[in-house]
Amino acid sequence: MGITLTDAAASRVSSFLANRGKGLGVRLGVRTSGCSGMAYVLEFVDDMNDDDEIFEDHGVKVIIDKKSLVYLDGTELDYGKEGLNEGFKFNNPNVKDECGCGESFTI
Amino acid sequence: MALLQIAEPGEAQAPHEHRLAAGIDLGTTNSLVATVRSGTSETLPDHDGHHLLPSVVSYSEEGILVGQQARERATTDPLNTISSIKRLMGRGIADVMSLGEQLPWQFADSEASVPRIKTRAGDVSPVEVSAEILKCLNRRAEDSLGGELSGVVITVPAYFDDAQRQATKDAAKLAGLHVYRLLNEPTAAAIAYGLDEGADGIHAIFDLGGGTFDISVLRLTRGVFEVMATGGDSALGGDDFDHAIAGWIMQQAGISNDADPMIQRRLMHAARHAKEALTEADSTTVVMQLADDSNWQGELDVETLNTLIDPLIRKTITACRRTLRDAAVDIDEIEDVVMVGGSTRVPRVREKVCDFFAREPLVSIDPDSVVAIGAAQQANQLAGNNPDGEMLLLDVNPLSLGLETMGGLVEKVIPRNTTIPVARAQEFTTFKDGQTAMAIHVVQGEREMVDDCRSLARFELRDIPPMVAGAARIRVTFNVDADGLLSVEAMEETSGTKASVDIKPSYGLSDNEIADMLRASVAHAEEDRDLRRLREQQVEAYRVIEALQAALTVDGDQLLSAEERAGIDAHLNSVIESAKLDDVDAIENAIKQLESGCEFYVERRMNAGIREAMAGHTVSEFESSEDDSK
């Protein structure tokens with residue numbers, strides 16, 4: 001399993017990293033909070049931690065800690081537009097339910 | 001599901017706690033909104049992919065139109081279509097008339113100082129027109145970011161005065177926007193290029209827009225930009241380039257000056273097209289459809305273009321030279337030159353600027369977007385999305401702010417060089433028994449005496465409940481916001497009575513005047529210290545006199561013999577007399593004499609007071625109540 005990126009997501013991550021001028025890759029994660037259990041974390045990575053795993057897809061390094069991987073295994077990171085708004089989406093097969101806005105979820 | 005952005009390490013926000021912020025370049029001709037997403041700052045397009053929103057509002061039969069749709073109505077419905085409203089922001093009717101411009105609108109006759117334009121939708125003020133543009137940008141930002149904005153940074157020209165800035169803030173308020181702060185346009189451009197993170201130094205911002213030219217000289221000191229001088233020409237811009245090219249086409253194609261509006265519009269279009277083409281190419285073919293539907297075709301090369309626009313560019317360079325002189329800065333002291341405004345894309349402009357400043361200007365950021373991008377970065381910082389986790393040092397308070405206390409002394413509440421925004425409070429009390437009002441005199445300056453400082457405002461706190469002198473607790477709060485606007489509030493804490501005033505402290509003060517005020521405070525330091533000591537002693541003398549006279553009226557006759565009374569009066573008189581003179585030691589001495597000479601009287605008063613309090617009670621009652629209190 002692991003984590004994959006769509007073409008759109010990979011090209012956006014690469015260009016954001018290039019604009020930022022530094023960073024090893026992008027970190028995916030979860031943390032407990034939000035209105036319905038878990039919330040996604042999406043951050044640039046400057047430093048790795050000991051319990052991090054790395055997946056590489058389309059030349060982009062995706063970094064994820066082992067605990068988060070339990071909740072995200074099989075996730076595909078996508079980039080899309082909804083009207084004028086654009087941003088990243090987690091297509092996470094583990095999700096059973098999510099709050100109305102989709103910012104948090106339960107498995 | 002929700003769309004996410006990539007955050008800085010450790011900065012990912014909890015769901016529903018995103019603080020969305022945007023920067024707005026509210027321009028004379030065009031406006032823009034920008035934001036920082038996934039670490040990248042960018043301007044936001046509308047549904048059709050256009051980033052620039054023409055700053056035009058049209059009050060049509062179908063409702064209010066903003067932007068491109070409004071601009072298209074400029075010729076068909078000129079009375080209800082308002083453009084370049086920024087020129088009228090914060091201006092009075094008299095100012096507007098003296099702008100000397102032909103304004104196509106009808107102004108409503110009114111007593112109010114603000115001009116109101118007659119439209120189909122009723123009379124509208126410049127603030128209301130600007131608010132429509134801001135609302136439109138706000139909608140675009142909220143649609144693009146998927147949520148409500150927590151705040152915005154709006155840019156204004158460096159030369160905008162307080163009234164113009166306040167009008168801009170009012171427009172934002174009307175549009176339902178929270179303004180973190182207003183930012184000077186040249187400062188925003190400098191921030192976009194990250195000059196604020198660089199070494200201290202002087203930078204020039206060359207801003208040639210569609211219809212205006214501004215040159216600003218900024219000095220960066222420890223992360224704070226200070227505007228040293230501004231200059232320019234409010235009627236010079238890319239549109240003049242187009243006119244020059246149009247003139248050439250007319251000459252070449254044999255079009256007369258009184259051609260109909262349709263031909264005029266085609267001319268301007270062809271001219272603009274040629275100008276833009278020559279940014280990349282060395283020559284371009286100009287095609288012009290004439291009145292008889294035949295086509296004229298001609299070749300415009302860069303050299304011809306340059307001879308057409310050189311006189312206009314020369315004007316900008318003259319303004320640069322003058323502004324540098326105003327700032328007392330030599331060309332070789334300028335570290336960087338930032339290019340702003342679409343017209344700086346013209347290669348000849350870059351070339352001439354490069355020649356004048358003897359360095360390559362900064363052009364890597366789109367000159368149309370650079371101001372909005374700097375504003376967006378600042379907004380992102382102020383929203384608390386700062387990756388470094390530290391607040392930018394934005395601005396400082398140039399002179400101390402304080403208020404007048406008894407004896408004409410200044411009590412400083414916010415010392416100079418405090419970084420703003422800041423709020424400080426201090427407690428004051430009443431001077432006389434039963435005092436029910438207090439005059440608050442807000443002053444600015446470094447000197448110890450009110451007379452040597454600059455008076456900013458006076459207001460009164462009334463309805464203080466009558467109490468003995470010194471019992472009332474009056475909390476005076478000074479609040480300076482990020483734009484340097486000061487508000488002062490006084491509140492009596494037991495009753496909650498309040499009074500307040502808003503002031504713009506640095507309004508009308510030039511840097512030189514501020515420097516003079518600072519120098520004077522150093523030069524007069526000793527003198528001021530002695531004067532302060534004297535005044536404090538005098539205030540003390542008056543307080544003693546006041547208290548003693550009050551006591552004597554109450555029980556002087558019962559407790560004192562005529563002889564004793566005469567002795568006390570003598571002491572009292574010597575204090576009164578000494579307080580009129582300027583001898584600190586004499587006053588101090590007289591007060592001491594009075595205090596020792598009155599000791600027996602004070603003792604008798606206390607005894608009398610205790611007797612009165614204990615009358616009708618037994619000693620044991622006091623003992624038990626004392627036990628209770630333990």
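In what follows, chains are A, B, ... by sequence order, proteins preceding strands, each numbered from 1. Given the structure is predicted, the values throughout are model-derived calculations rather than measurements.
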| remark: For A/F44 and B/I6, the nearest pair of non-hydrogen atoms, with its separation, is N-CG2, 3.4 Å
| Quick one: CD on A/E43 to CG on B/L4, what's the gap to the nearest 0.5 Å? | 11.5 Å
| query | NZ of A/K81: more than 12 outside heavy atoms within 6.0 angstrom? | reply | no
| Which residue out of B/S41, B/P45, B/S38, B/G146 racks up the most heavy-atom pairs below 4.5 Å with chain A? | B/S38
| query | Any side-chain heavy atom of B/H47 sitting closer than 4.5 Å to one from A/L84? | reply | yes
| Take atom CD in B/Q69; do more than 12 heavy atoms of anything else shown fall under 6.0 Å from it? | no
| message | Under 4.5 Å from any heavy atom of chain B, what part of A/R27 do you find: side chain, backbone, both or neither? | response | neither
| field | Value rounded to 0.5 Å, distance of CG in A/N85 from CZ in B/R37 | value | 6.5 Å
| query | More than 12 heavy atoms of other residues, nucleotides or ligands under 6.0 Å from CD of B/Q68: is that the case? | reply | yes
| query | Measuring from A/D46:CG to B/E8:CD, what's the distance to the nearest 0.5 Å? | reply | 7.0 Å
| note | dist A/Y79:OH -> B/Q5:CD (nearest 0.5 Å) comes out at 5.5 Å
| At what distance, to the nearest 0.5 angstrom, does CD of A/E82 lie from CG of B/D143? | 12.0 Å
